[in-house]
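Take a look at the structure below.
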Amino acid sequence: MTTSDSPGTETPDAPATKDELQRVVEERAAAAEAAESEPIVNPSPARKRAPAKKAPAAKKAPAKRTAAAVTDGDGAAEPAAARKAAKRTTRKATDPGDATPVSATRKRAPAKRTVADNAAEPAAEVIAEQGGETAAPVVAPAPIAEPGSPSGAPASQPEPPDPDPATPMTPQAPEESPADAPAESPAESSAASPVGSSAGAPSAGTAPSAGDGGGLASGAGGEGEHGAADDVTEEDLRAIVDGWSRDPHRVLGAHPAGDGWLVRALRPDAAAVVVVDEDDTRYDARQIHPGGIFEAALPQQPGDYRIEVGYTNGEGGTDTFTVDDPYRWLPTLGEIDQYLIGEGRHERLWEVLGAHVRRYDTPRGPVEGVSFAVWAPNAQGVKVTGDFDYWEARSYPMRQLGAIGVWEIYVPGVPAGSRYRFHVLGADGVWREKADPMAFATEVPPLNASVVTESTHEWNDDAWLAERERGAWHERPMSVYEVHLGSWRQGLSYRELAEELVDYAVSAGFTHLEFLPVAEHPFGGSWGYQVTSYYAPTSRFGSPDDFRYLVDRAHQAGLGIIVDWVPAHFPKDEWALGRFDGTALYEHADPRRGEQPDWGTFVFNFGRTEVRNFLVANALFWAQEFHIDGLRVDAVASMLYLDYSRKDGEWVPNVHGGRENLEAVSFLQEVNATIYREVPGVVTIAEESTAWPGVTRPTHLGGLGFGFKWNMGWMHDSLGYVSRAPVHRSYHHNQLTFSMMYAYSENYVLPISHDEVVYGKGSLLRKMPGDRWQQLAGVRGYLAYMWAHPGKQLLFMGSEFAQDGEWAESRSLDWWHLDDPAHRGVLELVTDLNARYRETEALWSLDVDPAGFQWIDANDASGNVITFLRYGRPKVADVPTPTEAAEAGASGETPEGGQTPGQALAVVCNFSGSAHHGYRIGLPRGGRWREVLNTDAEGYGGSGVGNYGGIDAVEESWHGQPFSATVSAPPLGTLWLLHEG
């Protein structure tokens, strides 16, 4: 035996006795047990765990008080100023059954460990052996009484408790999912007296369906039957106070004990606690843990009780507040909710997770508060904190619901507008402060707390939604104005934009507005493409209801709203989604698949069902909660390819050895199929820059299921062509004509987006060669060509009046350009383009059908001219009634109905620097072709070369057409000629 192993009294001449050796063994065994019972909190990198001392948790210095309030018994707020004045000192409590004060540091002999104790404590070694998964959680054994609606509908009135505790109660089912851990075994006998008793596993029964979550637990005004009580040990109390209890509701709240009931409350820093029963009977509580756990003994089951809490103030007195008890309320998630979350199929996930204001009726009157629920399956403990507890994160540890990994609590009295965060004890033993992934509102960046919000907006867009439901946007006009809300006119709120932006877009004739991402993001310079709160419109411009007002106002004015959506990646901010519970939860664990090197961001784990559920529900959330008409999905190519922007060795092939991200493909198919099924008339648009086949093919045919795809090839080719001087364009004529080789392979949107007028690329005006007149003429001619090309149009803000400067998110558009008649002429042209576009079925009714397009001449490279035809859908001729037919003909027979040809529009684009007079083009129909648009008109700032209102086609074959006519094609201009037959 070494010196260090021997008892202190051992000497070479006097070896240790058998009793002394046995004492050493027992001491070491107790120390090892104590070390294993400690949570792993913020460990050192050495990963060694020294034996923890069994001492009370150190007192935390009080946080700086905010102007928030603590709740009273009626859901009102405890005055912040009153509690701010209170001194944060823990008093000795008085045992209601004894006049002798009970010290807050009272020692207790350790009780023998139970199955519940072992299950509730975090163990890093076990977690590591299981690949990062947590052990089966302990489920709250509270019986079900009168549950309320998870959406916040008031619960039905609970029955008052029977005054006789011996009267048997109606058996109720436990509020737990089928996947929950089995009921805990009864506690073994202990040499020490237990701290108290709590409810054990209730008897079996029928559980409620989804939507039955919430409401009062038994002992809180409801009914229920409890089984044998488990002992509550000091370890259980310490787990609650330190924040690593998986089931604080098993200890706190009302529980039967022997011949009576016990009510335990967590009230840190309270000087005195009194339980006030429904009949106003008062029961003093004694402090049973220095961390602020109090216990009161009641002779019978409590009814709709409240807790009266006293705090010492700075004047030597006590301030008293009456509050509700969060630990008497049932979970706000029903069994089906939990099942669907576990399966990754809860399509209305936002209705059960996040923070929701909920109201319930109780015998004492209405109770209003907020339910908090967050998914953190590998966390060892979760607490919610905020204005309502002065950001101390000590009062509201949450319970884990079954194996799905959702943590939940209902806190009465928390008002809308409260700020909050989650404190998450990760699987790695580190506490993290996290914003709510399902937050519906946030602080204004750079602040990042989540905010409780409740919508009161009343929609007035029923007519728009009814019209939208008929869908078929492929056969309807769609002209999109793309906007960055922060720099269109800086300083405008959502409500101001609802007036100024909507009126401007309507006057310019656009059919839709598309917003760069409006989901909350911390860095304004990302333009919104690095999202941290997927369910919250950015607070930079107002509240969520303010954003609803903007959408509503746009709909009433006849404008659709499309928002950019970013499911491809998210930033690494430590307070956001990344490593949320100490593990790679939302992101893929392998950095070769879970990180995007170009942007320094995390990539979602598209193969994890819960992550897919989070994103699919988010797409539905924007469509259903904000009436969004379309989602433009950003960076689809980065999702589809595992080797996107990665070198050899930096990516992992799929199971077949290929480079396709099969999980991302499946996710995109799921989100598209879901949104088209659930929200008729909403469209999805892919920003996809590769030749991936079937992007807009339906999912049942193996496609990705998008409604439209950005035509990046057309954009690059056409801009490359017009950026060259006219003298060189003839050598690149194929850049204008090649797009028609694949124009009908997908359903396309033609984008001149923000990406093309930033980062040194120059504005659309600056891309044009020549002097200022030629540049402006080039912009006008190019835009008219774009509007006539098959596909929908998207134009980024500023291009509609040919802004000279490159776009920057840090400043407003250069609106002073509109004082210049030449630039105002471009805006007037765009307005007329949109008006003629809406009026001319030939430009959209067969937009995705090859029958809607025909070349006149695609080969005049030397003249820098292309000419083509656009056709409208043929009209079905009216079938006359029998009477009309009899009057029209002697036979009395009804002639057969037929079709009349649809509209025909001829387009002439002259990209040379000089006019072409007497330029003959072939036409399919004779007669008058009216000049409905000429970009060289003097009103637009052009030279006035035109055709005096139209041309007449004669029966002379040309370009393979039976008729022809000569036109004057203006320099750098485009003509639209509509047949009037």
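Numbering starts at 1 and runs along the sequence shown. Just the heavy atoms: all of them, side chains too, but no hydrogens, waters or symmetry mates, feed the values below. Predicted model, so just to flag it, every value in this text is computed and none were measured.
- If you check the side chains of D389 and S395, you find no donor sitting under 3.5 Å from an acceptor.
- E496 meets the side-chain contact (heavy atoms from CB on, under 4.5 Å) test with L492, S493; sequence neighbours excluded.
- Using cut-offs of 30° and 60° on the angle between ring planes, the pair Y535 and F440 is perpendicular.
- At least one test fails for R548 against the ring of W459: distance under 6.0 Å to the centre or angle within 45° of the axis.
- Listed for the Y420 side chain is no donor-acceptor partner under 3.5 Å among the backbone atoms of V452.
- Shown here are the salt bridge (charged side-chain N to carboxylate O under 4.0 Å, His left out) partners of D564, two or more places apart in sequence or in another chain: R632.
- Of the possible polar contacts, none joining the R495 side chain to the F541 backbone as a donor-acceptor pair under 3.5 Å is found.
- At a cut-off of 3.5 Å, with distance as the only test, a side-chain donor of T332 or E408 sits close to an acceptor on the other residue.
- Side-chain polar atoms of E610 and W375 form no donor-acceptor pair below 3.5 angstrom.
- With sequence neighbours excluded, the residues that form a side-chain contact (heavy atoms from CB on, under 4.5 Å) with A498 are Y549, L550, R553.
- A salt bridge links D304 with R328: the distance from a Lys NZ or Arg NE/NH1/NH2 to an Asp or Glu carboxylate oxygen falls below 4.0 Å.
- For the ring pair (Phe, Tyr, Trp, His ring centres under 6.0 Å) test, no residue two or more places apart in sequence or in another chain qualifies with H588.
- Salt-bridge annotation for E343 and R345: absent, with no side-chain N of the basic residue lying under 4.0 Å from a carboxylate O of the acidic one.
- Checked against salt bridge (charged side-chain N to carboxylate O under 4.0 Å, His left out), D461 has no partners two or more places apart in sequence or in another chain.
- For H249 (side chain) and I409 (main-chain N/O), no donor-acceptor pair under 3.5 Å exists by modelled atom type.
- Side-chain atoms of S450 come within 3.5 Å of backbone atoms of D436 as a donor-acceptor pair (strictly under, hydrogens ignored).
- A salt bridge does not link D428 with R579: every distance from a Lys NZ or Arg NE/NH1/NH2 to an Asp or Glu carboxylate oxygen is 4.0 Å or more.
- Under the ring pair (Phe, Tyr, Trp, His ring centres under 6.0 Å) criterion, F515 pairs with no residue, sequence neighbours left out.
- S533 is linked by a side-chain contact (heavy atoms from CB on, under 4.5 Å) to T442, E520, A536, counting only residues two or more places apart in sequence or in another chain.
- With ring centers used as reference points, F422 lies 6.0 Å or more from W407.
- Partners of T674 by side-chain contact (heavy atoms from CB on, under 4.5 Å), not counting sequence neighbours, listed by chain and number: E347, V616, L620, E670, R677, E678.
- Residues passing the salt bridge (charged side-chain N to carboxylate O under 4.0 Å, His left out) test with D629, sequence neighbours excluded: R468.
- Residues satisfying the salt bridge (charged side-chain N to carboxylate O under 4.0 Å, His left out) test with D552, not counting sequence neighbours, are none.
- Residues meeting the ring pair (Phe, Tyr, Trp, His ring centres under 6.0 Å) test with H346, sequence neighbours left out: none.
- Considering only residues two or more places apart in sequence or on other chains, H521 meets the ring pair (Phe, Tyr, Trp, His ring centres under 6.0 Å) condition with none of them.
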